[in-house]
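What follows is a short report on a single structure.
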Number of protein chains: 2
Amino acid sequence: MSADQPTVLLVEDEPAQREVLSYNLEAEGFRVACADNGEDALLLVEEEQPDVIVLDWMMPNLSGIEVCRRLKMRSQTRSVPIIMLSARSEEVDRVRGLETGADDYVVKPYSIVELMARVRAQLRRARPAAAGLRLEFDDIVLDAETHRVTRAGAPLKLGPTEFRLLSTFMEKPGRVWSRDQLLDRVWGRDIYVDTRTVDVHIGRLRKALTAHGGADPLRTVRGTGYALG
Amino acid sequence: MSADQPTVLLVEDEPAQREVLSYNLEAEGFRVACADNGEDALLLVEEEQPDVIVLDWMMPNLSGIEVCRRLKMRSQTRSVPIIMLSARSEEVDRVRGLETGADDYVVKPYSIVELMARVRAQLRRARPAAAGLRLEFDDIVLDAETHRVTRAGAPLKLGPTEFRLLSTFMEKPGRVWSRDQLLDRVWGRDIYVDTRTVDVHIGRLRKALTAHGGADPLRTVRGTGYALG
DNA sequence: TCAAACTGTAACACTCTTGTCACAAAAGCA
DNA sequence: TGCTTTTGTGACAAGAGTGTTACAGTTTGA
């Protein structure tokens, strides 16, 4: 999360592999945090707030794919890119890896050079972090740090998806987002979700925003998508 | 480049592969342009202005990687995402593919589902760049980002087709568009609709533009088409 | 472990948009 | 002026897009 030196969280149960990767990542100029199991990985994500995660598939107890799934579920960690590492080369797994939300998938044996290139690629693509932001629109106030939203001073109760959806809208009030763009930003890449799901969550967000009165601030742009204001 | 139906340029020298991909891409709702060699690919990029390119690595004469390199060099085509397709699974190539500028890299044999997901992902990412212009003519203001149109400050209510029609006119005020040209730009390339439909929508656009007063800014060029101003 | 909360999908009703037709109006042309 | 061609427009049925609810499957948090 550091501004100048990106942090990589490396999750790999085999010590030898871990050594090699850690050494090389540091040589590339990254800060490296290591975990040798899924549970520690989940804890370290909170603690270190890494910019990218390199995650081994096969691990005792909590598997890499399970860790990935959990991370992509929580709104705080959803946007952290994950590179999945695996010895399985069958297509089924590759698809499953991506479906779970992994941003990239590397098959063992891989080359260090390639893996480094992919880490750099993910970092390049990662969004500028919107931490500690306080967004306002009309009488709606969203505090990214405390994860709280109020309207006319009254606190609103939003689910994780609704929160991310509203954040997106409030970052650029007035801008029209297509359903696909919203899926990309709010749900994450490579996730197979029906576009109609967006409609449903828009409906839920609307209900939450107008729960204590006030006009519906969301605008439907027929044939295109939605916008705030 | 069409407003609603994204165009995919498919470059693959093997007919069977091309068939399968083309079929699936069309089933996904994309327009598909095909090329079976690198030279044609470069020409078609100009002609079709695709939203994403699926590019086979191995081709006679001009290889995929060479095509990729050239496209990523020109400023006009640099932003078009490229998905590289290859049977080579060796690390060296994968790295080379990504470093040459390919935005994604899929190894054969791949699954159709996975490839489609990747195409969609690239499209989602690429879209936002296109938006964001603000067009003005007389007292009419059209904002592409917010999808709003005002005349003398008053908001106008336009349907999707009317909006696209007006955008087209406002991009080049004064220019006369034939009905066929308008059908091409507003409706899409290969959709069959009667040219008289244009007349009807022009009428609707006129009604919307003059709803709150003001002169009709659209000019009928008898025997030819229509123009703004 | 259990209850509450959240998510994605399907289904249905409803609104808005769209393409076409028919006919009226206007414009060219001799 | 008559006649033909082109354009304008109201009506309408079909279709697409959207709002909403219900529900099953999960996850979360106590």
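So that the names make sense, note that chain A is the first sequence line, chain B the second, and so on, each numbered from 1.
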Notebook entry, point to check: So does Glu48(A) pair up with Arg31(A), basic N to acidic O under 4.0 Å?
Noted result: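 Salt bridge present between Glu48(A) and Arg31(A).
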Margin query: Closer than 4.0 angstrom, basic N to acidic O: yes or no for Glu162(A) and Arg164(A)?
Written below: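 So Glu162(A) does not pair with Arg164(A) through a salt bridge.
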Notebook entry, point to check: Looking only at atom types and distance, does a side-chain atom of Asp139(B) sit under 3.5 Å from a main-chain N or O of Arg151(B), one as donor and one as acceptor?
Noted result: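 Such a contact is absent between Asp139(B) side chain and Arg151(B) backbone.
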Margin query: Tell me whether Ser178(B) contacts the main-chain N or O of Gln181(B) through its side chain, where contact means a donor paired with an acceptor under 3.5 Å.
Written below: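 Flag set: sc Ser178(B) to bb Gln181(B) pair under 3.5 Å.
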Is there a side-chain polar atom (N or O) of [X] under 4.0 Å from OP1 or OP2 of [N]?
X         : N       : value
Lys157(A) : dA4(C)  : no
Tyr226(A) : dG19(D) : yes
Arg196(A) : dA11(C) : no
Trp187(B) : dG19(C) : yes
Thr220(A) : dT18(D) : no

Notebook entry, point to check: Using a heavy-atom distance cut-off of less than 4.0 Å, which residues of residues 199-218 of chain A contact DNA chain C?
Noted result: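 Listed by number, they are Val200(A), His201(A), Arg204(A).
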Next item on the list: Decide if atom CD of Glu171(B) counts as having more than 12 heavy atoms of other residues, nucleotides or ligands within a radius under 6.0 Å.
Entry: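 Atom CD in Glu171(B) is packed in, count exceeds 12.
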Check: What nucleic acid atoms does Val221(A) come within less than 4.0 Å of, heavy atoms only: base, sugar-phosphate, or nothing?
Finding: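 Here Val221(A) touches the backbone only, sparing every base.
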Note to self: What contact category does Phe163(B) fall into here, base, sugar-phosphate, or nothing, at under 4.0 angstrom with non-hydrogen atoms?
What the structure shows: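 The answer is nothing, as Phe163(B) stays clear of every strand by at least 4.0 Å.
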Margin query: The side chain of Pro160(A) is closest to which nucleotide in this list: dC6(C), dT18(C), dT7(D)?
Written below: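 So the nucleotide nearest the side chain must be dC6(C).
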Margin query: Exactly one of Asp36(A), Asp56(A), Asp13(A), Val11(A) should register a side-chain contact (heavy atoms from CB on, under 4.5 Å) with Arg18(A). Which one does?
Written below: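 Looking at Asp36(A), Asp56(A), Asp13(A), Val11(A), the match for Arg18(A) under the side-chain contact (heavy atoms from CB on, under 4.5 Å) is Asp36(A).
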Would you kindly give the [atom1]-to-[atom2] distance between [X] and [N], to the nearest whole Å?
X         : N       : atom1 : atom2 : result
Asp194(A) : dG17(D) : CG    : C1'   : 13 Å
Leu183(B) : dT20(C) : CG    : P     : 9 Å
Leu182(B) : dT18(C) : CG    : P     : 15 Å
His147(A) : dC6(C)  : NE2   : C1'   : 15 Å

Next item on the list: Please confirm whether any donor atom in the side chain of Arg222(B) sits under 3.5 Å from an acceptor in the base of dT5(D), or the reverse.
Entry: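 Answer yes: a donor N or O sits under 3.5 Å from an acceptor.
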Note to self: Within the structure provided, determine whether Phe30(B) and Asp51(B) are in side-chain contact (heavy-atom separation under 4.5 Å).
What the structure shows: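 They are not in side-chain contact.
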